[in-house]
Number of protein chains: 2
Amino acid sequence: MVEYNESKDAIFRALADGTRRDIVERLSANEQTVGMLAEPLDMSLAAVSKHIGILEEAGLVTRRKRGRERVCTLDPAGLLAVRDWTERYVEFWNSRLDALDRALKEDDDE
Amino acid sequence: MVEYNESKDAIFRALADGTRRDIVERLSANEQTVGMLAEPLDMSLAAVSKHIGILEEAGLVTRRKRGRERVCTLDPAGLLAVRDWTERYVEFWNSRLDALDRALKEDDDE
DNA sequence: GAGATAGTCAACCCTTTGGTTGAGTATCGA
DNA sequence: TCGATACTCAACCAAAGGGTTGACTATCTC
């Protein structure tokens, strides 16, 4: 399994912000321009551009030019890193919860 | 499915910090006192106590008194919230990746 | 009871973050 | 070619984050 330690922190910090999570979720439906992403958000275009920059540095999003627009897309490489991490954590939580279940069952049996 | 929106942001912010992720991972092995958690970390006890406070407010950790010590444990309620969220995201990433796979396959077929 | 131990709390400090505005660039449409 | 559109960039600012220290409380040990 590949380790993504070098980027893990950047990904976590990128996803810590609600606005950026919103952007990621919206990009999961369709690729969108910076302006489209900014439209429903109550902040300047520059602010949105900065948010996208952070997602880009974390490897979650890529931006390409199309005329005078910039089209944003979810980045498969970043997605893989996030998926691997989340799966690791799901396993981790599940094993904890299983252990808790067993512990509770033992209590009941007494 | 239960929604954890009210706590989601706190959980994300709590897990955005590497020190706190470290604490959570260590607590997954065993419950530990604040002092034990602080021991390998290069910072004051007060700082560690603050980190634990943030994890506590996010619902990920509980602290109880045992003599003059405070014992920290992973909180099942918080764990469930995180697990549900991560599972939702794993599904989300997987569907994206499946879509990408299909798109790439179609390209190959041409 | 006296001192050591374990931790919390509040005040403070510096850095980072998340926003703003204003100016600049590239592209589109007339 | 000229003006609007779609951004980006740099400078700036206020608030939040992550750490410190010093004083305090509670408990253990002698």
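Every chain is numbered from 1 and lettered A, B, ... according to where its sequence line falls, protein lines coming before strand lines. Hydrogens, waters and symmetry mates play no part in the numbers below; they use all other heavy atoms, side chains included.
- The closest side-chain heavy-atom distance from B/Ser49 to B/Arg63 is below 4.5 Å.
- Rounded to an integer number of Å, the gap from A/Ile23 CD1 to C/dG19 C1' is 13 Å.
- Across the interface with DNA chain C, nearest-nucleotide mapping of B/Arg70 and A/Ser44 shows B/Arg70 to be the residue nearer the 5′ end.
- Under 4.0 angstrom from either OP1 or OP2 of D/dC7 there lies no side-chain N or O belonging to A/Ser49.
- What separates CG of B/Leu45 from C1' of D/dT20 is a distance of 13 Å, to the nearest Å.
- Straight-line distance from the CZ atom of B/Arg13 to the P atom of C/dT17: 14 Å, rounded to whole Å.
- Within the 4.0 Å cut-off from OP1 or OP2 of C/dG7, at least one side-chain nitrogen or oxygen of B/Thr33 is found.
- Note on A/Asp98 versus A/Arg102: no salt bridge recorded, every NZ/NE/NH1/NH2 to OD/OE distance being 4.0 Å or above.
- Of the possible donor and acceptor atoms, none in the side chain of A/Arg20 sits under 3.5 Å from a partner among the backbone N and O of A/Leu55.
- Rounded to an integer number of Å, the gap from CD1 of B/Ile54 to C1' of D/dG18 is 8 Å.
- The nearest whole Å value for the distance from the CZ atom in B/Arg66 to the C1' atom in D/dA26 is 16 Å.
- For the pair B/Arg13 (side chain) and B/Ala58 (backbone), a donor-acceptor distance under 3.5 Å is absent.
- Mapping A/Asp17 and B/Lys50 onto DNA chain C by nearest heavy atom places B/Lys50 closer to the 5' end of the strand.
- The CZ atom of B/Arg68 sits 11 Å away from the P atom of D/dT27 (whole-angstrom rounding).
- Looking only at side-chain heavy atoms (C-beta outward), B/Arg64 and B/Glu31 come within less than 4.5 Å of each other.
- Closest contact between the side chain of A/His51 and the listed nucleotides C/dG19, D/dC28, C/dT8 involves C/dG19.
- You'll find that the side chain of B/Ala46 is closest to D/dG22, out of C/dG19, D/dA6, D/dG22.
- Residue contacts shown for A/Arg20 are limited to sugar-phosphate atoms, with no base heavy atom under 4.0 Å away.
- The separation between A/Arg64 atom CZ and D/dC7 atom P is 13 Å, rounded to whole Å.
- An OP1 or OP2 oxygen of C/dA6 is reached within less than 4.0 angstrom by no side-chain nitrogen or oxygen of B/Lys65.
- Rounded to whole angstrom, the span from the CG atom of A/Asp42 across to the P atom of C/dG18 amounts to 16 Å.
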